[in-house]
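The next block holds one structure in the form of structure tokens; read it before the comments.
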Amino acid sequence: MRRAIEAWLRLAAGRIHEHAPELSALDAAIGDGDHGTNLDRGFGAIVATLDEGTIPTTDSDLDDAVVTLRTAGKRLISTVGGAAGPLYGTAFLRASAALAAAGDAAPGAKFVAALDAAVGGISGLGKATAGEKTMLDALIPALDAARSALAAGAESGAVLGAAADAAAAGAAATIPLLATKGRASYLGERSIGHQDPGATSAALLLRALADAAGPDPAG
Amino acid sequence: MRRAIEAWLRLAAGRIHEHAPELSALDAAIGDGDHGTNLDRGFGAIVATLDEGTIPTTDSDLDDAVVTLRTAGKRLISTVGGAAGPLYGTAFLRASAALAAAGDAAPGAKFVAALDAAVGGISGLGKATAGEKTMLDALIPALDAARSALAAGAESGAVLGAAADAAAAGAAATIPLLATKGRASYLGERSIGHQDPGATSAALLLRALADAAGPDPAG
Amino acid sequence: METVIDRKVHAMKKLINRVEDIVPEALQGLGAAHPDVVKIDLPNSNVLRAGGPKAGKVALVSGGGSGHEPLHGGFVGLGMLDAACAGAIFTSPVPDQMEAATRAVDGGAGVLHIVKNYTGDVLNFQLAAELVAGEIEVATVVTNDDVAVQDSLYTAGRRGVGGTVLLEKIAGAHAEAGGSLADVTATAVKVNANARSMGLALTSGIVPAAGTPNFDLGDDEVEVGIGIHGEPGRRREKLAPVSDLAEWLVGPIVDDLALKRGDSVLAFVNGMGGTPLIELYVAYNSVATILSGKGISIGRSLVGSYITSLEMAGFSVTLLRLDDDLVRWWDAPVHTAALRWAV
Amino acid sequence: METVIDRKVHAMKKLINRVEDIVPEALQGLGAAHPDVVKIDLPNSNVLRAGGPKAGKVALVSGGGSGHEPLHGGFVGLGMLDAACAGAIFTSPVPDQMEAATRAVDGGAGVLHIVKNYTGDVLNFQLAAELVAGEIEVATVVTNDDVAVQDSLYTAGRRGVGGTVLLEKIAGAHAEAGGSLADVTATAVKVNANARSMGLALTSGIVPAAGTPNFDLGDDEVEVGIGIHGEPGRRREKLAPVSDLAEWLVGPIVDDLALKRGDSVLAFVNGMGGTPLIELYVAYNSVATILSGKGISIGRSLVGSYITSLEMAGFSVTLLRLDDDLVRWWDAPVHTAALRWAV
Ligand SMILES: Nc1ncnc2c1ncn2[C@@H]1O[C@H](COP(=O)(O)OP(=O)(O)O)[C@@H](O)[C@H]1O
Ligand SMILES: Nc1ncnc2c1ncn2[C@@H]1O[C@H](COP(=O)(O)OP(=O)(O)O)[C@@H](O)[C@H]1O
Ligand SMILES: [Mg+2]
Ligand SMILES: [Mg+2]
Ligand SMILES: [Mg+2]
Ligand SMILES: [Mg+2]
């Protein structure tokens, strides 16, 4: 599982790097134009840490996965800055803790537990709820979809796919929303008509997760 | 004669105002872009003083002409600033003194004496000679032409016309010159290929003089 | 002749080397130019007061994204900040550097975190305070003086802008004079409660990593109610004489502070980075005329580019309602790279 | 897609009311913001030191076109200038106002005219000195520190630029300390002899009366060797990292001053008006690195926009070879709108 997480983090870093200009451009429209650069710096730092090979391994794959995810969260907090740094960082820390707590649940259930914790961490720290035009508007639909898929007996790949699809739809659905949290809220009505950069990056991360786990990681 | 000088000053003010953008544009190319504005301010001040009617008159028309020209010179010094203010102002003061000294010479001879004094004032103060790409490159040819016309027995209108023509030609002939005085000299070789703004305004002033004295002051 | 679209995108032309080196090189430049005032902690991207920490003095730490110079690093020194954390351009610094700064300047009397109200800054400082909890007493004041933003359920709250500069000076003076953490915090809160700001832009700055302006304005347009991060403002207007522009800024501030005839204020006219001083003095003249028309007297003033947004052209107005205490702290000695008097 | 011509003409966007009111309104703004430091003689467009004239003190008068703020009006006050004459934008003031300033500040010990070497400034100050000849003892120092101009028979001589700021500070300190007219003049001449400057522009400023940039630069071009009046420079180059740009400026200065290993200088990195402080500190870092590579030590420094050219983006470097006297006068108290320390 540590390897799967590491694969995801590396794939996510690549996707973020590739889409950084687009994320920053979305942020320029309703924020300050740094979201792509910020996340790129953070995921670059995660990859550098992975490359160093300094994250300790044990004989428990779950423990190693938990530590890897926690390290990634700390790296995000230490390097991203802005709103997204603490929010994504906290999300990763909470997901890591949830993973540890989930023990030997099935992969799909573990994912749902981790995503649930991540969403809780973000909404707790950022004091935001659904519909405020933030990353939560990708993540909450993703959580709902994943939960439904799991309840419907889907296997883990399908659960991840459902989450990624819902996140992408959720991100697109932020366009007509009025921002009431974060920098975009300063614009009032003028925030309407633009896709939220944080929701967009959240969808990218979940798509990378589905792809990293799926048959075609390059997809 | 006072009336002729006043008519000239008013016509000159109008021409300067009309050509101010062009003069400033010439100055922008090889200087700092203010020559038109500066002269426009100065000649506007002269006209305002004329309008006030505060220049004392006596029963000597020559004295009145001398005072009018001297007042104009002082106004230029007090209001134009830059290089052109002291130079034109001094030229007017010297011309005024030369006029007084010329006593009852013929109009053409008086003009030559005044222009000669003006040129001497400018070159003395500005330490410039012919060919340095300054107003002198309009005024010195004008002086030469006026002197020749006078020597050839031309009447005053023709003398003024010869001066105006030579000044215009002299201004145009500054284009290929390398500036070695004033702001344009900072450009070195890059000053070549542009017409000198001061030479251009000098030609305007002499054209206005010929026109004011001639049969068609609007020409 | 063809019609050319009115909105011209200004090219990025900056005095920089590599984009990623701007912040560290600017910090090194600050340190080299003012070795008597600051020392630079380059690994943490922090500016520290030279000769610190001061035992027994409450320490002031602020910070935020870069691109607002001289804020905050230019305000480190005697009578003002003890440390400033520099983030990437327009990006809040991270908790690690805030923690390092807090530890570096703590003189045993507690540390005040001065945080401009932006989600990123607030969250990162919050995590930083957690990192030293139990070891160093930390108080936090969040500045939110920008009247361009409605302070409502529908926004992240008002932004911290020009009032932050005044707060850092005044709270810094109180700390230098030996005020306790509670006292200094109370003074800081008082400044924030009595200061309001609003700004407008004639042009947008260019975030180096992006390379293009954050918003495009027509040749005859101004963006009213901008912040300091290149965010678009609340509305767009036609360019007008600065006496009108000043009205647009002063009016809402006076209303929001409920200033009345006879009140005395500190009037701060701030340039956004690309506006030359001659224009700021013309703008200040308009502001002074408007205030005098309202019977509000200017007890103290500050004119200059102190909280900027890269090379953005434009200005902001901050008014701080004065009382004797605030005047006394304002006049107290200060020796930083950007503000210096009485020492 | 169509090809668009690379040279973009920037629109004039300024914080002004009527073009003809810019200078008087800026003066009034300066006066309103600093009533303790200056008083404004509006009819003469002069800035006078508050509380002057000082009996028995040599008075310093400078002046020049407007558009270079804070030069010169921002340098009026204790330890620096006694009066500054403000001309129209980029146009030398006229003899009348110089005469009025000279008469207003004369304290009986003589008056030093500090004139930047431009034909207009020199001629107008010359006429002004004639107007008070026999009544007030006037000495004149003409600054000509710009190495971008060849000082030869083929030019009007080197321009006075950044060195003028340092000269006004240092000669002002000597005058404040009671130096005679001859002594203060000698100090001024010494500063001019030991100071050299060079500047470059990333963009052109816009003269308000003209409304369009004085020169157009491509998006990737810099104008090297510019003055402060929007004149084009000596050559045009491709935009390069600031470490290269700094080389282009520092190299000729060091050569011209014949600075050698072990010399100590005051390094002044000056913004042209539209350049934000973060870039100036990056530039200063490059300048400091270059000098340290040559074994030249920086004894004192100044970083900021002190002699500007409207909203021009760019910077200039001035180096002044220091000795103990110059350091002492530099460190002496100064209290002006733009420079203040030790008081
Ligand atoms: N209070 C909040 N809760 C959840 N997400 C938020 C909140 N504030 C901002 N965000 C998210 O952060 C994104 C902006 O991130 P970023 O640009 O990196 O930070 P900053 O706004 O500090 O520059 C927004 O698009 C939004 O999705
Ligand atoms: N030393 C000089 N002698 C004669 N004419 C000069 C001299 N220096 C400058 N000029 C003239 O002055 C003109 C510039 O005038 P103006 O633009 O008003 O002054 P400034 O250069 O101070 O802005 C030049 O075009 C030139 O003709
Ligand atoms: Mg952002
Ligand atoms: Mg000119
Ligand atoms: Mg940001
Ligand atoms: Mg001029």
Side-chain angles (χ1 to χ4, degrees), chain C residues 2 4 8 10-11 13-18 21-22 25-30 32-34 66-67 69-70 74 202-203 205 219-220 222 239 241-243 245 269 273-286 288 298 301-303 305 308 310-311 313-315 338 340-343, chain D residues 2 4 8 10-11 13-18 21-22 25-30 32-34 66-67 69-70 74 202-203 205 219-220 222 239 241-243 245 269 273-286 288 298 301-303 305 308 310-311 313-315 338 340-343:
Chain C
E2 290 174 66
V4 175
K8 288 176 194 89
H10 294 202
K13 294 180 103 173
K14 292 178 190 279
L15 303 174
I16 57 173
N17 294 303
R18 298 189 316 163
D21 292 335
I22 297 174
E25 289 185 8
L27 291 178
Q28 284 173 282
L30 175 69
H34 299 281
S66 291
E69 292 65 24
L202 303 181
T203 65
D219 281 353
D220 60 345
V222 287
L239 185 59
V242 69
S243 53
L245 306 184
V269 168
T275 289
L277 198 52
I278 185 170
E279 295 181 35
L280 293 183
Y281 277 121
V282 172
Y284 181 80
N285 186 54
S286 287
I298 301 184
S301 67
L302 184 67
V303 181
S305 295
T308 60
L310 297 170
E311 72 272 58
F315 76 118
R340 180 171 179 185
W341 56 74
V343 63
Chain D
E2 290 172 66
V4 175
K8 283 167 199 101
H10 293 198
K13 295 181 101 173
K14 292 177 190 281
L15 304 173
I16 58 174
N17 293 303
R18 298 188 317 164
D21 293 336
I22 297 173
E25 289 185 9
L27 290 178
Q28 284 174 282
L30 175 69
H34 299 279
S66 291
E69 290 67 23
L202 302 181
T203 64
D219 281 354
D220 59 346
V222 287
L239 185 59
V242 70
S243 54
L245 306 184
V269 168
T275 289
L277 197 52
I278 185 170
E279 295 181 36
L280 293 183
Y281 277 121
V282 172
Y284 181 79
N285 185 54
S286 287
I298 301 183
S301 66
L302 184 66
V303 181
S305 294
T308 60
L310 297 170
E311 73 272 56
F315 76 119
R340 183 172 177 183
W341 55 76
V343 62

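To find a chain, count down the sequence lines: A is the first, B the second, and so on, and within it residues start at 1. Computed from a predicted structure; not experimentally measured.
Note that the NE2 atom of D:H34 and the OH atom of C:Y284 stand 8.0 Å from one another [nearest 0.5 Å]. Between the CG atom of C:N285 and the CD atom of D:E25 there is a distance of 5.5 Å, given to the nearest 0.5 Å.
Of all the listed residues (C:A283, C:A288, C:S243), the one sharing the greatest number of non-hydrogen pairs under 4.5 Å with chain D is C:S243. Annotation: maximal heavy-atom pairing with chain D below 4.5 Å, among C:G273, C:S301, C:A32, C:A33, occurs at C:A33.
Between the side chain of C:E279 and the main chain of D:L15, a donor-acceptor pair closer than 3.5 Å is present. Distance alone, capped at 3.5 Å, is enough to place a donor-acceptor pair between the C:N17 side chain and the D:V242 backbone.
A pairwise comparison of heavy atoms in D:R340 and C:A342 identifies NH2-N, 3.8 Å as the closest pair. Contact detail for C:G67 and D:I278: the closest heavy-atom pair is N-CD1, 4.0 Å. When all heavy atoms are compared, the tightest approach of C:L202 to D:K13 is O-NZ, 2.6 Å. Residue D:E311 comes nearest to C:G274 through the heavy atom pair CB-O, 4.2 Å, listed as atom of the first residue, atom of the second, then distance.
Between D:T308 and C:L277 there is no side-chain heavy-atom pair separated by less than 4.5 Å.
Neither the backbone nor the side chain of C:S305 comes within less than 4.5 Å of any heavy atom in chain D. In this structure, the portion of D:V343 lying under 4.5 Å from any heavy atom of chain C is its backbone and not its side chain. For C:L239, the part sitting under 4.5 Å from any heavy atom of chain D is the side chain, from C-beta outward, and nothing else.
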